[in-house]
Asker: 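Could you have a look at this structure, given as structure tokens, before my questions?
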Amino acid sequence: MFQKIGNIKICIEKDYEAMSLRAADIFADCVAQNSNGAYGFATGSTPVGMYKALVEKYKNGKLDFSQITTFNLDEYYPIKGDHDQSYRYFMEQNLFNHVNLDKSKINLLNGQAEDTILECKAYDHKIGIAGGITLQILGIGTNGHIGFNEPNDYFSGKTGIVDLTENTINDNARFFESRAQVPCQALSMGIGSIMSAKEILLLAAGANKSKIIADMLLGRVMPQVPASILQFHQHVTVVLDTPAAEDIRLMLGYQ
Ligand code: GLP
């Protein structure tokens with residue numbers, strides 16, 4: 001069921017639903033072992049099914065969120081918290097409003113912060129106070145970004161303000177009324193912050209992720225493919241649906 005490429009555990013599931021259930025199981029097992037840990041959440045279309053499965057687990061009495069602390073990876077900038085494309089709104093709709101999280105333990109970057117440097121520094125400080133991230137959930141952009149850490153000629157360190165690439169603005173325009181409404185910047189945990197997580201769970205679904213998944217797992221580690229840095233982390237699991245695994249199947253001869 002699990003295969004390994006270097007340090008990274010790979011799990012290929014037959015479809016999106018199976019990928020989502022597998023990810024929810026990994027998350028729930030981690031919470032069972034670290035009930036007061038800090039959990040890093042991601043947004044985007046990919047983890048929606050996993051969040052749905054987590055809500056189900058909570059409703060069935062199989063998952064307790066009451067002691068955990070949460071940190072979201074990123075947020076558009078500028079954006080109002082109640083904008084239907086803000087990541088705050090996404091998390092409220094998909095998870096926070098449906099489970100027994102302690103509201104005082106939910107942390108999100110403020111897409112309206114006046115002083116973004118202070119906002120990002122304070123965020124890293126809060127992650128430190130929480131003892132670091134126990135498990136970080138990630139999606140991946142078609143250009144290899146994780147969080148909003150775009151391809152660059154260096155790996156970013158801590159949380160900061162970033163410019164979005166044309167590729168990401170185009171990819172994410174489908175969620176907005178028009179492309180012009182997609183914010184051009186974001187606040188994002190840095191690659192360094194992500195790499196400090198004790199465990200990482202990356203999800204990818206769909207044929208449009210297949211090439212970048214192969215680049216991430218089998219290509220050179222380089223900042224032009226930000227997710228490739230995960231090859232250097234000791235505890236990463238990648239859960240894929242079959243279409244997202246197509247390129248690695250062809251390259252490695254997986255069945
Ligand atoms: C956004 C988010 C990422 C996410 C990526 C992929 O830009 N900042 O955290 O992983 O998009 O999104 P999707 O899952 O919709 O493909």
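Just follow the structure's listing: the first ligand is 1, and inside any ligand the first atom is 1. Note: hydrogens, waters and symmetry copies are ignored here, and every other heavy atom, side chains too, is used. Keep in mind that this is a model prediction, so the values were computed, not measured.
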Asker: Does Lys211 NZ have over 12 foreign heavy atoms under 6.0 Å away?
Answerer: no
Asker: Which atoms of ligand 1 sit under 4.0 Å from any heavy atom of Asp74?
Answerer: 2 (C), 8 (N), 9 (O)
Asker: How far apart are the C-alpha atoms of Ser86 and Phe90, what are their side-chain angles, what is the distance that settles it, and do they pass the side chain to side chain contact (heavy atoms under 4.5 Å, CB included) test?
Answerer: CA-CA 6 Å; Ser86 79; Phe90 174 101; over 6 Å; no
Asker: How close do Glu13 and Cys11 get, counting heavy atoms only, and between which atoms?
Answerer: OE2-SG, 3.2 Å
Asker: Numbering the atoms of ligand 1 from 1, which are under 4.0 Å from a heavy atom of His145?
Answerer: 1 (C), 3 (C), 5 (C), 7 (O), 11 (O)
Asker: Would you please say whether a donor-acceptor pair under 3.5 Å links the side chains of Ser193 and Ser196?
Answerer: no
Asker: Assess the side chains of Gln224 and Asn152: does a donor N or O sit below 3.5 Å from an acceptor N or O?
Answerer: no
Asker: Could you walk me through whether Val55 and Leu95 pass side chain to side chain contact (heavy atoms under 4.5 Å, CB included), step by step?
Answerer: CA-CA 7 Å; Val55 171; Leu95 187 72; 4.0 Å; yes
Asker: Can you figure out which of Gly147, Ser45, Gly141 has its heavy atom closest to atom 3 (C) of ligand 1?
Answerer: Gly147
Asker: Which atoms of ligand 1 sit under 4.0 Å from any heavy atom of Thr46?
Answerer: 13 (P), 14 (O), 16 (O)
Asker: Any idea which part of Tyr76 is under 4.0 Å from ligand 1, heavy-atom wise: side chain, backbone, both or neither?
Answerer: neither
Asker: Residues two or more places apart in sequence or in another chain: which of them pass salt bridge (Lys or Arg N to Asp or Glu O under 4.0 Å) with Glu177?
Answerer: none
Asker: List ligand 1 atoms under 4.0 Å from Arg174, heavy atoms only on the residue side.
Answerer: 15 (O)
Asker: Look at atom 1 (C) of ligand 1 and say which protein heavy atom is nearest, naming residue and atom and giving the distance to 0.1 Å.
Answerer: Tyr87 OH, 3.5 Å
Asker: Other than Phe148, what residues sit in its cluster of Ile, Leu, Val, Met, Phe, Trp and Tyr side chains whose heavy atoms are under 4.5 Å apart, directly or through others?
Answerer: Tyr76, Ile79, Tyr87, Val162, Leu164, Ile169, Phe175, Phe176, Val182
Asker: Which atoms of ligand 1 have any heavy atom of Gly139 under 4.0 Å away?
Answerer: 10 (O)
Asker: Just need the protein heavy atom nearest to atom 16 (O) of ligand 1, so name the residue and atom and give the distance.
Answerer: Lys209 NZ, 2.6 Å
Asker: Closer than 4.0 Å to some heavy atom of Gly44 - which atoms of ligand 1 meet that?
Answerer: 12 (O), 14 (O), 15 (O)
Asker: Tell me which part of Ile140 gets within contact of ligand 1: side chain, backbone, both or neither, using heavy atoms under 4.0 Å.
Answerer: backbone
